[in-house]
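Lettering follows sequence order; numbering is per chain, from 1.
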2 protein chains.
Amino acid sequence: MIDDRSKGDVARAEIMDAARQLFLLQGYNGTSMRAIAQAAGNRAVAGLYNHFPTKEAIFRALIEEQNPYGALLGILNNAQGETAEAYIRSALTDILIVMPQYYDFFQLALIDLREFEGRHVAQVLSEKVFPQVIGVIVRLQALPGLKPLDGVVLVRLMASLVVGYIVTRNIAPGMTFEQLPHEVWSRQFIDALLYGIMDDDARE
Amino acid sequence: MIDDRSKGDVARAEIMDAARQLFLLQGYNGTSMRAIAQAAGNRAVAGLYNHFPTKEAIFRALIEEQNPYGALLGILNNAQGETAEAYIRSALTDILIVMPQYYDFFQLALIDLREFEGRHVAQVLSEKVFPQVIGVIVRLQALPGLKPLDGVVLVRLMASLVVGYIVTRNIAPGMTFEQLPHEVWSRQFIDALLYGIMDDDARE
DNA sequence: GTCTATAGTTAGATAGAC
DNA sequence: GTCTATCTAACTATAGAC
């Protein structure tokens with residue numbers, strides 16, 4: 001066999017792929033099991049129930065298996081730097097490249113927030129992400145150069161930077177945000193986080 | 001009459017109020033016209049169609065009539081300050097207090113993004129908000145103290161700050177973000193935007 | 001402008017043959 | 001594991017009396 005996955009695994013993957021596309025296009029309640037079955041290789045609706053007990057189970061599987069947390073933690077753990085500035089520049093530069101590639105997931109997370117009060121995302125976040133992020137922050141604060149900020153402040157500021165970057169990139173209708181290339185925007189955002197937007201000799 | 005609104009206006013308001021609550025709780029496709037009619041004073045479904053031609057028209061009316069743009073522009077136009085720092089502190093302090101009060105609207109905007117590709121929000125943004133914001137930025141850049149940043153960079157940084165603040169406040173499940181009071185968080189965010197997170201004498 | 005009643009459609013999920 | 005056929009419930013929207 002060319003593909004060593006079982007027939008069932010292939011079907012499962014096709015169903016999830018079709019469901020993801022339709023959820024993103026039409027929302028959760030706007031997507032019917034019929035539509036998913038048809039998009040997943042013209043299957044019969046009943047066949048879907050061999051792989052997932054309910055429609056919600058398909059959605060939950062998407063959140064659990066296609067999230068960017070592994071990539072995010074990989075970047076945080078592998079970023080190099082002898083100073084806090086070098087580490088943050090290295091990590092955020094990569095994060096601002098990689099996270100927007102998971103825009104589909106962020107859209108699914110918004111659906112989760114609306115349709116399920118965020119419970120699927122929250123479970124993965126609290127189980128897999130937060131514990132590891134704490135360790136990263138401790139290591140970051142041991143590097144020289146940071147203002148004496150509370151760790152939780154540091155986490156929220158960096159998370160806000162990434163979230164704000166992604167949201168403003170996709171929300172502004174026909175705005176000029178796309179006229180500058182990503183590298184310029186990334187640099188501007190990181191510089192602003194590190195040193196702010198005020199002139200140095202204007203400090204009051 | 002105690003209320004000088006016509007009977008029709010009262011019904012319209014009740015319908016919109018019920019629809020908003022249900023859209024926020026259950027999403028757009030998850031909310032039926034039946035449920036709206038029942039929540040709006042146990043009305044008959046057919047009565048809704050005297051006030052709105054379709055279900056989408058109810059949603060559009062919510063976006064158009066309950067958005068925070070008037071409040072936002074009011075703050076930007078009324079903020080005082082002889083320097084850029086004073087103006088930004090004044091404006092952002094107010095914005096970070098007022099905008100989270102419109103969290104319901106942001107949630108409706110997310111629904112718009114998912115169900116209607118953001119077309120209702122984008123229309124209001126491009127017609128009413130962007131033209132006025134340009135004027136504010138020009139005035140801000142005439143004040144002393146700013147680094148020589150492109151106006152569009154300034155807009156996106158400030159928008160990201162506000163969006164990131166609101167999103168991280170409501171997404172993190174049971175996280176410690178609520179353990180510090182709003183005033184502290186607001187101050188931390190504004191300070192970070194103005195002067196960054198690096199120690200002054202650590203600049204490389 | 002409100003109601004009752006209902007038309008016409010589509011939803012999620014299941015039964016049972018293969 | 002896949003299919004055809006179907007159940008029951010819910011949906012948006014309309015007709016027509018008051």
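- At the phosphate of D:dC11, OP1 or OP2 sits under 4.0 Å from a side-chain N or O atom of B:Ser32.
- Going from atom OH of A:Tyr49 over to atom C1' of C:dG16 covers 17 Å, rounded to whole Å.
- Per the geometry, NZ belonging to B:Lys55 stands 15 Å off P belonging to D:dA10, to the nearest Å.
- Rounded to whole angstrom, the span from the CD atom of B:Glu56 across to the C1' atom of D:dC11 amounts to 17 Å.
- The pair A:Arg89-A:Glu85 meets the salt-bridge criterion, since a charged nitrogen lies less than 4.0 angstrom from a carboxylate oxygen.
- Between the P atom of C:dA13 and the CG atom of A:Leu48 lies a distance of 10 Å, rounded to the nearest Å.
- Relative to the side chain of A:Thr54, the nucleotides D:dA13, C:dT4, C:dA13 differ in distance, and C:dA13 lies closest.
- The shortest side-chain heavy-atom distance between A:Pro100 and A:Phe106 does not fall under the 4.5 Å cut-off.
- Between B:Asp104 and B:Arg20 there is a salt bridge, since a side-chain N of the basic residue sits under 4.0 Å from a carboxylate O of the acidic one.
- We find that NE2 of B:His51 is positioned 16 Å from P of D:dA13, with the value rounded to whole Å.
- Nearest nucleotide to the A:Asn50 side chain, out of D:dA13, C:dC3, D:dG1: D:dG1.
- Using a 4.0 Å cut-off between charged side-chain N and carboxylate O, B:Arg60 and B:Glu65 make no salt bridge.
- Here the nucleotide nearest the side chain of A:Ala11, chosen from D:dT12, C:dT4, D:dT2, is D:dT2.
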